[in-house]
Number of protein chains: 2
Amino acid sequence: MPMCPRVSDEYKETKKREIAAAARRVFIRKGFAHAVMQDIMDEAGISRGALYAYFDNLEHVFMEVLRYDDEELFQWTGPELQSPVWGMLMKWLGEIEQDLMKLQHSLVRARAEFFLSSAYVKDKKHYPYIRQRYENAVDAISRVIRAGEERGEFQPLQDARSLAGYILSFLNGLMLDTYQLGPDATWAEQQLDVFRNTLKLMLKPSSTDGYRDLSIGE
Amino acid sequence: MPMCPRVSDEYKETKKREIAAAARRVFIRKGFAHAVMQDIMDEAGISRGALYAYFDNLEHVFMEVLRYDDEELFQWTGPELQSPVWGMLMKWLGEIEQDLMKLQHSLVRARAEFFLSSAYVKDKKHYPYIRQRYENAVDAISRVIRAGEERGEFQPLQDARSLAGYILSFLNGLMLDTYQLGPDATWAEQQLDVFRNTLKLMLKPSSTDGYRDLSIGE
DNA sequence: AGTATAAACGACATTGATGTCGTTTTCAAT
DNA sequence: ATTGAAAACGACATCAATGTCGTTTATACT
């Protein structure tokens with residue numbers, strides 16, 4: 001029996017999450033490329049030694065931040081999908097639009113920077129993680145589309161997986177551009193209108209209750 | 001009258017372009033985040049002093065590389081658009097698809113890294129340039145759509161500018177994801193099929209001669 | 001050939017960040 | 001209270017990259 005560990009495992013877990021939360025704020029503020037360990041120490045109010053006791057390096061910090069973050073990302077695509085699926089989808093897009101409009105600072109940029117720059121590292125050690133994230137996102141969206149299909153609510157013109165990829169690509173692209181230039185420069189709202197239209201045309205939802213019909217000819 | 005400049009202005013311009021070409025190779029290989037001045041000196045086979053005689057810093061080098069590159073980007077959207085516009089559009093997408101498939105290393109990643117990371121710098125000194133680039137791209141695509149519209153070839157469901165933004169967002173997003181994960185992981189081909197479909201539905205081209213009809217119901 | 005001028009060179013001082021490590025502090029069990 | 005373990009601290013050695021500058025080299029004109 002060890003003499004006496006000074007603090008409980010629980011304490012350490014809590015502390016780690018605290019530091020990660022501080023780091024998260026830093027990454028939101030400065031992105032990944034310009035963030036340094038010192039920023040995190042300052043933000044968390046801890047010493048160099050303490051930080052390095054919990055994390056090996058900046059990449060490690062970031063990966064953990066992402067991990068905590070992901071725990072609540074695609075919650076809306078649980079097994080228990082309330083009806084109607086189209087409504088859920090539009091609601092989700094609405095939330096994304098809100099984020100874009102408010103220029104609400106999220107991890108979007110830091111994440112993009114991180115993934116991009118880690119594409120170079122020789123050993124490719126994050127690749128499985130990055131790929132897994134992408135797969136998860138595609139799966140979540142595919143599941144929603146298939147749910148709508150099985151209920152007879154959608155009649156997709158192409159397969160769910162391809163559509164899911166398409167949806168992700170567009171949203172990623174829009175978020176990136178908008179992050180840099182602002183929603184006014186990119187016409188984010190109008191782009192989203194176009195996008196909603198394409199979804200409608202591709203998914204052929206039987207009903208679009210409760211959401212504005214853009215009255216596109218057809 | 002100055003005594004004698006050792007070399008002509010032309011010589012200096014040539015040399016600058018040579019260095020930029022070397023730098024371009026470096027950026028393609030390592031991206032922006034991991035490239036350093038030394039890499040460019042090595043690649044170009046010149047000394048530190050020489051490099052700094054032509055460029056102030058790494059960002060400066062990159063901006064110049066981009067500038068040279070842009071000179072030939074949207075050439076296909078000149079004032080003299082050959083018919084049919086839909087065909088041109090599809091041809092362009094085909095080229096993009098080729099690039100993606102070959103994983104042909106281009107400046108895509110470096111450019112994204114550069115724009116993302118320069119979003120932080122306090123003084124925002126590149127902002128006008130970045131924005132200008134975006135505007136140019138949107139304009140070029142808008143022009144194409146309007147040309148098709150004026151000729152009665154297209155009947156767009158929404159305005160050209162919104163559609164242009166939408167097109168850019170999707171392509172940017174697809175390129176980024178595909179750069180990181182490869183065209184197989186992202187199902188790039190299938191995504192592009194979906195995308196072509198949406199374009200067809202949104203632009204309603206009167207004819208799609210010469211390009212595969214995906215025989216979507218309708 | 002000789003010379004003035006600027007291009008090219010590369011050593012160097014400087015900066016900024018990293019990860020380590022010996023020391024100090026804090027806590028829980030005795 | 002005492003004590004032992006480990007959490008937190010912060011000084012420090014190290015490293016990598018930057019931008020400068022005094023020196024050397026190349027060239028065009030005389």
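Every chain is numbered from 1, with letters handed out A, B, ... down the list of sequences.
- In terms of phosphate contacts, Y11(B) brings no side-chain nitrogen or oxygen within less than 4.0 Å of OP1 or OP2 of dA26(D).
- Separating the CD atom of E59(A) from the P atom of dG19(C) is a distance of 10 Å, rounded to the nearest angstrom.
- Among dA7(C), dA8(D), dG19(D), the nucleotide with an atom closest to any side-chain atom of K12(B) is dA7(C).
- The side-chain hydrogen bond (donor to acceptor under 3.5 Å, both in side chains) test applied to E189(A) returns no partner, not counting sequence neighbours.
- As a whole-Å value, the separation of L58(A) CG from dA17(C) P is 11 Å.
- Put simply, CD1 on I40(A) is 13 Å from C1' on dA17(C), counting in whole angstrom units.
- The interatomic distance linking F55(A) (CZ) with dA8(D) (P) rounds to 12 Å, in whole Å.
- Every side-chain contact (heavy atoms from CB on, under 4.5 Å) that R67(B) has, sequence neighbours left out, goes to E64(B).
- Using a 4.0 Å cut-off between charged nitrogen and carboxylate oxygen, R196(B) and E97(B) count as a salt-bridge pair.
- With hydrogens and angles left out, the side-chain atoms of D139(B) and S142(B) include no donor and acceptor closer than 3.5 Å.
- No hydrogens or angles considered: nothing links the side chains of D193(A) and Q158(B) as a donor-acceptor pair under 3.5 Å.
- Annotation: proximity of residues 16-30 of chain A to DNA chain C (heavy atom, distance under 4.0 Å) is found for no residue.
- Annotation: side-chain contact (heavy atoms from CB on, under 4.5 Å) contacts of Y127(A) (sequence neighbours excluded): K124(A), R131(A), L181(B).
- Residue E13(A) places its CD atom among more than 12 non-hydrogen atoms of other residues, nucleotides or ligands, all under 6.0 Å distant.
- Nearest to the side-chain atoms of V36(A) among the listed nucleotides dT18(D), dA8(C), dA17(C) stands dA17(C).
- Within residues 41-54 of chain B, the residues that place at least one heavy atom under 4.0 Å from DNA chain D are, in residue-number order, R48(B), Y52(B).
- Rounding to whole angstrom units, CE of residue M37(B) and C1' of dC9(C) are separated by 15 Å.
- Protein atom CG of N57(B) is 21 Å distant from nucleotide atom P of dT14(C), rounded to whole Å.
- Under the 6.0 Å cut-off for aromatic ring centres, F170(B) and F170(A) do not qualify, their centroids lying 6.0 Å or more apart.
- Atom CD of E13(A) is separated from atom P of dA7(D) by 14 Å (rounded to the nearest Å).
- When the side-chain hydrogen bond (donor to acceptor under 3.5 Å, both in side chains) test is applied to R161(B), no partner is found at least two apart in sequence or on another chain.
- Atom CD of E10(A) is separated from atom P of dA28(C) by 12 Å (rounded to the nearest Å).
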